[in-house]
Amino acid sequence: MYRAPRGTADILPEEQRYWHYLEAGARAVAQRYGYGRLETPVFENTGLFVRGVGQGTDIVEKEMYSFDDRGGDSLTLRPEGTAPACRAYLEHGMRNLPQPVRLYYFSPAFRYERPQAGRFRQHHQFGVEALGDGDPSVDAEVVEMAWQLMNGLGLTDLTLLVNSIGDPQCRPAYLEHLKDYYKPLAERLCQDCKERLERSPLRLLDCKQPTCIIMAQEAPQTVDHLCPECRDHWKKLLGYLQKLDVPFRVEPRLVRGLDYYTRTVFEIHPAEEGGQSALCAGGRYDGLIQELDGPPTPGIGFAAGMERMVLNLKRQEVPVPDEYFVKAIVAYLGDDAKETAISLASQLRSKGIATILAPAGRSLKAQMRYANSLGIPYALILGDDEIKNGSVVLRDMTQGEQREIQLQSIAEELDNLITS
RNA sequence: GUGGGCGUGGCCAAGUUUGGUCUAAGGCGCCAGGUUGUGGCCCUGGAGAUCGAGGGUUCAAAUCCCUCCGCUCACCCCA
């Protein structure tokens, strides 16, 4: 028997209410902030990610679903949403639109990882990108939007972490400081961190090993080594967030695994601690569009993991509207009644009343049982007597009462009952 | 890629330590019936499992051993 591929999941009808709830909430936030929806293909040319996300990153090195198509082009299932959004920005000349260009998207993302709680090989992201304006007020807008999204969904006990990791102006000098700090301590670092020391020293800061954590706490912090421009940007962002009453926490050890980030980085975490708990992560990437052969163009955005949000909606027992929508079932006895039942069901649907026909070949008792177990509020019953009278029995399943109604007025009658 | 836990009908699950009484308990769900055209409670019956797969040990394996596969949690990394 075939099963869904490892790390993927079917989203079954009974789960859909969570997804609809999230989509509605996210779309509402996006629209309120003036973001327009963007949809990009599930696959892109591999080079887009190699250059955009960065040669040395884990995503590019070992997590991409890449393949050659029949024409020999190397394509990759989108591992993240920012590079494609920037590609679309360039491809469609969006720099000729009023800046910044504000975009949002819902899209699946694919990474070849070992699945675990809250981590999948196919997951879904709600993402937002503001391109073409480097002002810190845009950072504040995007951070606030992420915060509003989570709160609007009813999620509570969240922590918003922010940091600045500088830019190409100041980061090299900072990294030297960092290495100088760590070199004498190298012996005590964990194996992974020893390797990181040369390759990506920033990552030393968020190692989870206890001894590494202690050393990281004493390490020089990015925010203390920003160039004047980055410092100014950072200070202004913090000021705006305070004005907006967005409750953030500066986390000097917050860094990023993707190469394109500059200055602002942020994440939102639920209270439940766990390995991969970030509900949402984002940051500024002023170098990315240039890296993709575009003109120097600032950008900032975030991506929120839909599966993780669903997980937390359930954990926190956030009330999510039930959306079972079938209002009526047509039950019947005998072949004559069956024909009338089929057309009655059709007629009700055309009036906008969600209706199903009871399964064939079952006793009335079984049909009623069926209606009950599906929670259908109204049952319409057709038998020989009703056919003779040109009527139908309307049974209110919640009240347990029923009455006979003329066939031609049943749609109107039902409609009144449902809308009242 | 590394490490831990687990794998019995659609779901939950007893049994695996002490191999035979397991032609595999029970619950949920599903289907039918409890008299003639009616649900929700209750009762009865039914369908549904090569006990993850393959190999081995044994007179005998769901139960022991090996290999593989899958699920899951953690590391790594990330949404």
When only distance counts, do a donor and an acceptor, one from the side chain of [X] and one from the base of [N], lie under 3.5 Å apart?
X       : N      : value
R308(A) : C78(B) : yes
R203(A) : C76(B) : no
Q367(A) : U38(B) : no
R395(A) : G39(B) : yes

Please find the pair of heavy atoms, one from A304(A) and one from M150(A), that lie closest to each other, and give the distance. CB-CE, 4.0 Å
Name the closest nucleotide to the R369(A) side chain, picking from G39(B), G37(B), A79(B). G39(B)
Compare side-chain N and O positions of [X] against OP1 and OP2 of [N] and report whether any pair is under 4.0 Å apart.
X       : N      : answer
Q116(A) : U72(B) : no
R111(A) : C77(B) : no
R114(A) : U2(B)  : no
S373(A) : G40(B) : no
R6(A)   : C71(B) : yes

Would you classify [X] as touching base, sugar-phosphate or nothing, given that sugar-phosphate means primed atoms plus P, OP1 and OP2, and contacts are heavy atoms under 4.0 Å?
X       : answer
A303(A) : sugar-phosphate
F302(A) : nothing
L279(A) : sugar-phosphate
E386(A) : base

Geometric cation-pi criterion K327(A) and Y378(A), 6.0 Å radius, 45° cone: no
Beyond-backbone contact of I381(A) with Y332(A), side-chain heavy atoms, under 4.5 angstrom: no
Say you draw a straight line from CD1 of I59(A) to CD of E61(A); how long is it, rounded to the nearest 0.5 Å? 11.5 Å
